[in-house]
Colleague: 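Dropping a structure here in structure tokens format, bear with me for questions.
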Amino acid sequence: MAEPARSEELVLTFLAEADDEFVSGEAISDKLGLSRAAVWKHVNALRAQGYRIDAMPARGYRLVEIPDRLGELELRPLLNTHDLGQAVHWFEEVSSTNDVAKRLAEEGAAHGEIVVAEAQTAGRGRRGRVWASPARRNVYLSLVLRPDLPPSRAPELTLLASVALCQAVRQAGVAAGIKWPNDLLAGGRKLAGILTELAADPDRVQWVVLGIGVNVNVRAEELPGELLPIATSLAIERGEPVPRALFAAAMLSALEEWLDRHAEEGFSPVREAWRSMSDTLGREVRVRSSGGDLEGLAEDVDETGALLVRTGAGLERVLSGDVEMLRAR
Ligand code: BTN
């Protein structure tokens, strides 16, 4: 007999798969090997968590609405992944999902475990910036990966993540492009960012945490004043809210597909896809990095993921830094 929490998830999955149709209590109990009373109990437990489930005497149950939350119960029935999101660590609020994921990785978390929060009190961006993380508006998700890679190839995963994210955003109906290395822009404004952190031995990566922040449903009037001119969200771009769980599941599927492809074929298909989605290549840019600033034409990314910039002094290879476009499109 399945344990209660698992049975609840199975009942939910069964209802979700019925696609707005009623399913009889008998069909659920036969299929899942539960008593009719147990099915009723699980339906009520789900309702208590915000699921709206209709019940009609001769017809059974129908799932009408799922709560706007990114917990295991909401995500798992939507996932078609084999590794990513098979374990979900969900929090109403955390300091930073990356901090939690890093701790879990150090404690032995498996490849694909994810940390999701409805809000972050100390969300972090690249280069020590703050990542605005208002409650229940967006996706704040960190993924533990254990790739079989030398540390020198870790930057490939950063570009890979931006390709997968861009694909999921485009599937959600928003025309986005990637600013090197992995910022997602729509109409020149920032939609999503990725913070990659890792631990490595000299010859092998131990773990990588991909921290992904996507502005999904935050509204323009909710953005802090300083972000208003430079940030956007899927809802702002589409003019209507986007179901966060569906978006997160699509993003995890895209990530897994690209990770599998990368493991089999290496960086070259990722690089091709990155080039085709790039908002940076072919443009005049200024790159600010710890080594100083440089200006020139962003020509390409090389086979390691570095940005190649044609300056007055020749072709410069940029490994890290912040890119600023010097002219609007
Ligand atoms: C950037 O563009 O500067 C990267 C932003 C990354 C934000 C995400 S939100 C989930 C995860 N937790 C964090 O504290 N940061 C990342």
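Atoms within a ligand are numbered from 1 in the order they appear, just like the ligands themselves.
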Colleague: Testing Arg126, Lys190, Arg288 for salt bridge (charged side-chain N to carboxylate O under 4.0 Å, His left out) with Asp322, which one passes?
Modeller: Arg126

Colleague: Please could you name the atoms of ligand 1 that Asn98 approaches to less than 4.0 Å, counting only its heavy atoms?
Modeller: 11 (C), 12 (N), 16 (C)

Colleague: Evaluate the side-chain proximity of Val309 to Glu299: yes if any heavy-atom separation is below 4.5 Å, no if none is.
Modeller: no

Colleague: Which of the atoms of ligand 1 are close to Thr97, meaning less than 4.0 Å from one of its heavy atoms?
Modeller: 10 (C), 11 (C), 12 (N)

Colleague: Closer than 4.0 Å to some heavy atom of Asp183 - which atoms of ligand 1 meet that?
Modeller: 2 (O)

Colleague: Rounded to the nearest 0.5 Å, what's the gap from CG on Leu143 to CG on Leu157? Could you check?
Modeller: 10.0 Å

Colleague: Just let me know how Ser142 lines up against ligand 1, side chain, backbone, both or neither, with a heavy-atom cut-off below 4.0 Å.
Modeller: side chain

Colleague: Near Ile212, which atoms of ligand 1 are under 4.0 Å from a heavy atom of that residue?
Modeller: 8 (C), 9 (S), 10 (C)

Colleague: Let me confirm one number: the NZ-CG distance from Lys102 to Leu198, rounded to the nearest 0.5 Å.
Modeller: 10.0 Å

Colleague: Hey, are Gln167 and Trp258 close enough side-chain-wise for a donor-acceptor pair under 3.5 Å?
Modeller: yes

Colleague: Treating Ile, Leu, Val, Met, Phe, Trp and Tyr as nodes and any side-chain heavy-atom pair under 4.5 angstrom as an edge, say whether Leu75 and Ile212 lie in one connected cluster.
Modeller: yes

Colleague: Check this for me: Glu26, atom CD, are more than 12 non-hydrogen atoms of other residues, nucleotides or ligands nearer than 6.0 Å?
Modeller: no

Colleague: Identify, by atom number and element, the atoms of ligand 1 in contact range of Arg126, meaning under 4.0 Å from any of its heavy atoms.
Modeller: 1 (C), 3 (O), 4 (C)

Colleague: State plainly whether one hydrophobic cluster holds both Leu184 and Leu195, where clusters connect Ile, Leu, Val, Met, Phe, Trp and Tyr through side-chain heavy atoms under 4.5 angstrom apart.
Modeller: no

Colleague: Heavy atom of Gln120 under 4.0 Å from ligand 1?
Modeller: yes

Colleague: Does either side chain, that of Thr158 or that of Thr196, offer a donor lying less than 3.5 Å from an acceptor on the other one?
Modeller: yes

Colleague: Checking contacts here: is it the side chain or the backbone of Arg127 that comes within 4.0 Å of ligand 1, counting heavy atoms only? Could be both or neither.
Modeller: neither

Colleague: Please identify which atoms of ligand 1 are closer than 4.0 Å to at least one heavy atom of Arg124.
Modeller: 5 (C), 6 (C), 7 (C), 13 (C), 14 (O), 15 (N), 16 (C)

Colleague: Give the minimum heavy-atom separation between Glu21 and Arg62, together with the two atoms involved.
Modeller: O-CG, 3.6 Å

Colleague: Considering only non-hydrogen protein atoms, determine which one is nearest to atom 5 (C) of ligand 1 and report residue, atom name and distance to 0.1 Å.
Modeller: Trp131 CE3, 3.4 Å

Colleague: Taking non-hydrogen atoms only, is Leu141 closer than 4.0 angstrom to ligand 1 via side chain, backbone, both or neither?
Modeller: backbone

Colleague: Return the residue, atom name and 0.1 Å-rounded distance of the protein heavy atom closest to atom 8 (C) of ligand 1.
Modeller: Gly213 N, 3.5 Å

Colleague: Output the list of atoms in ligand 1 that are nearer than 4.0 Å to some heavy atom of Lys190, sorted by atom number.
Modeller: 1 (C), 2 (O), 3 (O)

Colleague: Look only at interatomic distance and state if Ser96 has a nitrogen or oxygen under 3.5 Å from any nitrogen or oxygen of ligand 1.
Modeller: yes

Colleague: Of all the atoms in ligand 1, which lie at a distance below 4.0 Å from a heavy atom belonging to Gly125?
Modeller: 1 (C), 3 (O), 4 (C), 5 (C)

